[in-house]
Asker: 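Handing you a structure now.
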Amino acid sequence: MNEYDSSTMASLLSSQYQMVRSPEDADLIIVNTCSIRHKAEHKLYSLIGRFKGYKKKRPGLRIAVSGCVAQQEGERLFKRMPYLDLVFGPHRLPQLLQELEQGAENLLDTAMHEDFKIPSVYRKDGCPDPVRGFVTIMQGCNNFCTYCIVPYVRGREISRSAMDILHEIGDLVELGVRDITLLGQNVNSYGKGAGDVVGFAQLLRMIDKEYPGIRLRFTTSHPKDISREVMECFGSLDTLCEHLHLPVQAGSNKVLKRMNRHYTREDYLEKVHFLRQVSPEIALTTDLICGFPGETHKDFLDTLSLVEEVRYHQAFAFKYSPRPGTAAARFACQVDDGTKSQRLTLLLGLLNRIGFQEMRNLEGTVQEVLVERVHSGQPGMLQGRTRGNHVVNFPGVPEMVGSFLDVEIVRACNHSLVGRLSEAVDPAREMRGKMAGQSVLKEDVSYEDSSNVCACDNP
Ligand code: SAH
Ligand code: SF4
């Protein structure tokens with residue numbers, strides 16, 4: 001989401017500024033921040049400390065802080081770092097820079113405007129990734145999970161108009177982007193309360209109909225809000241990839257209740273069961289928190305058993321981090337850091353073991369891979385992604401970037417797969433390759449056998 005916001009800001013500024021490769025060469029540095037956990041917030045302070053030194057060499061340099069830490073800390077950031085020029089929320093960037101140019105100092109603009117609309121920035125001037133793109137469909141959150149700072153720093157839910165979304169996807173497709181992720185803190189609430197007649201399932205169907213040659217994904221889904229209608233889309237829409245990020249957070253009903261998640265372990269498992277009925281191949285990923293206030297060893301074991309039951313392909317697991325102003329930060333029975341660390345280590349061990357087993361189950365299968373880039377560390381290798389969102393490294397030529405190819409999975413590594421171009425050519429895949437504008441036939445390529453090559457980061 002922050003990457004998307006950063007590229008939107010870059011677009012907004014593209015007529016006035018040019019991107020530079022190193023912050024040392026910049027006239028304007030914007031640090032776009034995250035405050036979801038303390039560690040993310042802490043990174044800001046060390047980074048800005050470094051940039052402060054550049055001001056001596058380039059006296060005209062402006063340093064700005066945007067995003068959630070800006071929202072959360074506001075004025076306090078100037079007290080801590082008086083050399084900052086601008087602290088701003090998601091709005092009014094070009095106007096604010098103009099005010100700075102006119103001599104304003106220590107400019108603060110973090111107010112949430114009721115009538116704020118997500119800007120329609122059609123990135124005609126290029127997007128950071130030539131193959132994958134992100135499109136915000138809503139901002140903010142109405143849920144108030146007790147651990148989470150998002151509703152305080154990002155405000156209430158606002159949905160974007162379906163027409164704006166379709167336009168932005170159209171522009172990305174024109175630029176060659178083929179794998180599009182719809183973004184929102186809870187995409188299942190899309191359209192609610194906005195007077196918009198389009199709901200999330202309908203939006204998915206509209207995109208599928210309008211752009212049949214793409215891959216579609218979305219994140220994030222709150223388990224309480226994902227409807228049967230949306231889940232059924234995994235079985236009925238060709239563009240919708242067999243991958244769903246469905247953050248569960250914990251496996252104990254007591255903890256889920258204290259987190260204010262509004263679903264039980266049983267509700268969650270029932271949805272997983274239904275998803276696997278409509279889309280048997282679906283790869284599920286999740287987020288988990290350990291050491292939430294009041295979490296006992298037994299509660300933690302419930303999380304482990306849920307992980308065993310669902311068998312996630314990948315997961316993000318975090319130690320609970322108290323965030324200012326949230327309800328859980330005030331709960332008694334905070335879990336000590338040593339216990340949180342121990343639980344996190346155990347949880348990560350289990351997740352890695354299961355994730356690796358799930359990857360091994362793909363060995364010998366043929367997967368449709370969308371080629372994203374030439375592998376940065378391995379000459380002659382390409383990197384792409386399956387519909388299930390698994391990264392695959394395989395030998396090929398740079399002209400294949402942007403194509404859909406059939407790749408046989410030769411070997412699973414911890415976080416990626418090694419493959420080789422498949423012998424069998426599927427006419428449907430070939431067609432999708434053509435729609436991507438770059439039909440590449442296997443015969444055009446010479447490559448060495450990859451069965452013993454591991455190009456992933458974690459051999
Ligand atoms: N809107 C998404 C989550 C956004 S935050 C959803 O509801 O699923 C991304 C993840 O950060 C969360 O899923 C949660 O696992 C984690 N997270 C949020 N607040 C946290 C905190 N205070 N401590 C630890 N992890 C947290
Ligand atoms: Fe935070 Fe997601 Fe809960 Fe909203 S739904 S409060 S963003 S965890």
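Values in this document were obtained by computation on a predicted structure and should not be read as measured data. Starting from 1, each residue takes its place in the sequence as its number. Whatever order the structure lists ligands and atoms in, that order sets their numbers, starting from 1.
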Asker: I'd like to know if Arg80 and Glu73 make a salt bridge, using a cut-off of under 4.0 Å between side-chain N and carboxylate O.
Answerer: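 No, no charged N to carboxylate O under 4.0 Å.
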Asker: For ligand 1, list all ligand N or O to protein N or O distances below 3.5 Å, rounded to 0.1 Å.
Answerer:
unit_1, atom_1, unit_2, atom_2, d
ligand 1, 1 (N), Gln185, O, 2.8
ligand 1, 1 (N), Gln185, OE1, 2.8
ligand 1, 7 (O), Arg261, NH1, 3.4
ligand 1, 11 (O), Arg37, NH1, 3.3
ligand 1, 13 (O), Gln249, NE2, 2.8
ligand 1, 13 (O), Asp287, OD2, 2.6
ligand 1, 15 (O), Gln249, OE1, 2.7
ligand 1, 22 (N), Tyr147, O, 3.0
ligand 1, 22 (N), Ser321, O, 2.7
ligand 1, 23 (N), Ser321, N, 3.0

Asker: Any donor and acceptor pair, going by atom type alone, linking the side chain of Asn260 with main-chain N or O of Phe144 inside 3.5 Å?
Answerer: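 Yes, the answer is positive, given that a donor and an acceptor are paired below the 3.5 Å cut-off.
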Asker: Given side chain to side chain contact (heavy atoms under 4.5 Å, CB included), test Arg276 with Glu281 step by step and report yes or no.
Answerer: CA-CA 7 Å; Arg276 288 191 167 139; Glu281 302 292 306; over 6 Å; no
Asker: Give a yes or no answer on whether the side chain of Gln185 reaches the backbone of Thr220 with a donor-acceptor pair at less than 3.5 Å.
Answerer: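 Not at all, since once roles are kept as given, no pair shorter than 3.5 Å links the two residues.
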Asker: Determine the interplanar angle of the Tyr320 and Phe292 rings, folded into 0 to 90°, and report it as parallel if under 30°, tilted if 30 to 60°, perpendicular if over 60°.
Answerer: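 Because their plane-to-plane angle is over 60°, the rings of Tyr320 and Phe292 count as perpendicular.
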Asker: Give me the protein N, O or S atoms that fall under 2.8 Å of atom 3 (Fe) of ligand 2, sorted by chain and residue number.
Answerer: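 Checking every protein N, O and S atom gives Cys145 SG.
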Asker: Closer than 3.5 angstrom, by distance alone: can the side chain of Asn142 be matched with the main-chain N or O of Glu157 as a donor-acceptor pair?
Answerer: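 Yes; at least one donor-acceptor contact below 3.5 Å.
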Asker: Is Thr33 reaching over with its side chain to a backbone N or O of Val69, donor-acceptor style, under 3.5 angstrom?
Answerer: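 Confirmed, Thr33 side chain pairs with Val69 backbone.
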Asker: Hey, what's the ring geometry for Phe316 with Phe318, parallel, tilted or perpendicular (30° and 60° as the breaks)?
Answerer: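 Taking Phe318 first and then Phe316, their aromatic rings lie parallel (interplane angle under 30°).
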Asker: Between Arg343 and Glu295, does any NZ, NE, NH1 or NH2 come within less than 4.0 Å of an OD or OE carboxylate oxygen?
Answerer: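 A salt bridge is present here (some side-chain N lies under 4.0 Å from a carboxylate O).
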Asker: Looking at atom 8 (S) of ligand 2, what's its closest protein heavy atom, distance included?
Answerer: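 Looking only at protein heavy atoms, the one closest to atom 8 (S) of ligand 2 is Tyr147 OH, 3.3 Å.
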Asker: Side chain of Lys254, backbone of Gly294: donor and acceptor closer than 3.5 Å?
Answerer: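 Between the backbone of Gly294 and the side chain of Lys254 there is a qualifying donor-acceptor contact (under 3.5 Å).
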